[in-house]
Amino acid sequence: MFSRVARPTVSVARSLSTSSQSHAKVAVLGASGGIGQPLSLLLKNSPLVSHLNLYDIAHTPGVAADLSHIETRAQVKGFIGADQLDAAVKGCEVVVIPAGVPRKPGMTRDDLFNTNATIVAILADAIARNCPEAMICIIANPVNSTIPITSEIMKKHGVYNPNRVFGVTTLDIVRANAFVAELKGLDPARVNVPVIGGHAGKTIIPLISQCTPKVEFPADQLAALTGRIQEAGTEVVKAKAGAGSATLSMAYAGARFTFSVLDAMNGKEGVVECAYVRSEETECKYFSTPLLLGKNGIEKNLGLGKLTAFEEKLVADAIGELKSSIKKGEDFVANMK
């Protein structure tokens, strides 16, 4: 079920695809930031996008002007400040949210919570009022909490559709693919490791046993590889030494997921991506698993698959933290004034 066919790529070749093309109106909220700018560039490069609305609290007119000079079909508009937020999302079919403050050295994703929770709640409110049927792709951390926040805001407006709200965990898959390929001397474009659970630390659960092509590692190497995937964000934060977090790889991953959503909306069959969504697969209300995407969002949750004893323990270890993060998001909305 994790065939190469289901694995999208983000490249110039991808942009020159001759497959059936949609005319999607896409908004990027947080388009001036470290993730937002390269993400917007990748989206501008795709024939799947006809209109690209860029929103942020600063600099978006400049980013939009810059991107508008690129010779691809998407028409780019910049929106700036709270009074232009509604116009930015009005009638959009897909909304991607990389907005929020990035992690700095020593910060956990939890440290970001209060600032980013407020930002996501404001953006979700605008989506609920202006494009309630849009596919919502949340990159803003902590994803384990921002997806419950988005869901609760949509519920307040009576427009919640769990099949259209996604926590973008694609960077975990991208990293797992790259790290496995490096260790095994494989072409990373042909490696596919499903990653389930959540999108922070030990809630990130790479299913190496379900990798295609099949790979095997000794127990100590498997544990080290799993740990590296789980802490890869911290690896980048430390390497950038205070200058930011994972922005370019996250932009790539965000674009990959958005293209998959657009392909599926466009009628392409067999599109599979992992994402953090409302779920009945475990005792957690939200959980990331491979999803078959369709014209209306999630067509089928493909579940956890067969797990090894090592992977079952990783799931068990993640449940408590996930439940806590979910409750934190729900409580945030419940206590909003």
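Side-chain atoms of Thr169 never come within 3.5 Å of backbone atoms of Asp172 as a donor-acceptor pair (strictly under, hydrogens ignored). Between the side chain of Asp86 and the main chain of Asn130, no donor-acceptor pair closer than 3.5 Å is present. Although no hydrogens or angles enter the test, the distance criterion places a donor-acceptor pair under 3.5 Å between the side chain of Lys44 and the main chain of Ala74.
Across Cys92 and Asn53, no two heavy atoms sit closer than the pair SG-ND2, 4.1 Å. A pairwise comparison of heavy atoms in Val236 and Ser245 identifies CG1-C, 3.8 Å as the closest pair. For Leu54 against Ala31, the heavy-atom pair with the smallest separation is CB-CB, 3.6 Å. Phe166 and Gly297 make their closest contact through CZ-CA, 4.2 Å (heavy atoms, listed as atom of the first residue, atom of the second, distance). In this structure, Gly33 and Asp56 approach most closely via the heavy-atom pair N-OD2, 3.7 Å.
A single hydrophobic cluster is not seen to contain both Val63 and Ile80; linkage of ILVMFWY side chains at heavy-atom distances under 4.5 Å, directly or through other members, places them apart. Hydrophobic clustering places Phe310 together with Leu225 (ILVMFWY residues linked when any side-chain heavy atoms are closer than 4.5 Å, directly or through intermediates).
Outside the 6.0 Å centre-distance limit, the rings of Phe287 and Tyr276 are not counted as a close aromatic pair.
In this structure, the side chains of Phe259 and Leu43 come closer than 4.5 Å at one or more pairs of heavy atoms. Residues Val277 and Ser288 have side chains not in contact (no heavy-atom distance under 4.5 Å, counting atoms from C-beta outward). Residues Thr282 and Leu304 have side chains in contact (heavy-atom distance under 4.5 Å, counting atoms from C-beta outward). Side-chain contact between Val120 and Thr150: present, with at least one pair of heavy atoms (C-beta onward) separated by less than 4.5 Å.
Taking a cutoff of 4.0 Å between a charged side-chain nitrogen and a carboxylate oxygen, Arg256 and Glu273 qualify as a salt bridge. Using a cut-off of 4.0 Å between Lys/Arg side-chain N and Asp/Glu carboxylate O, Glu133 and Arg164 are scored as not salt-bridged. Between Glu330 and Lys327 there is no salt bridge, since no side-chain nitrogen of the basic residue lies less than 4.0 Å from a carboxylate oxygen of the acidic one.
Taking the six-membered ring where tryptophan is involved, the planes of Phe113 and Phe332 are perpendicular, since the angle between them exceeds 60° and thus also 30°.
A donor-acceptor contact closer than 3.5 angstrom is absent between the side chains of His51 and Arg73.
Phe217 carries Lys184 over the face of its six-membered ring, with the cationic atom under 6.0 Å from the centre and within 45° of the normal.
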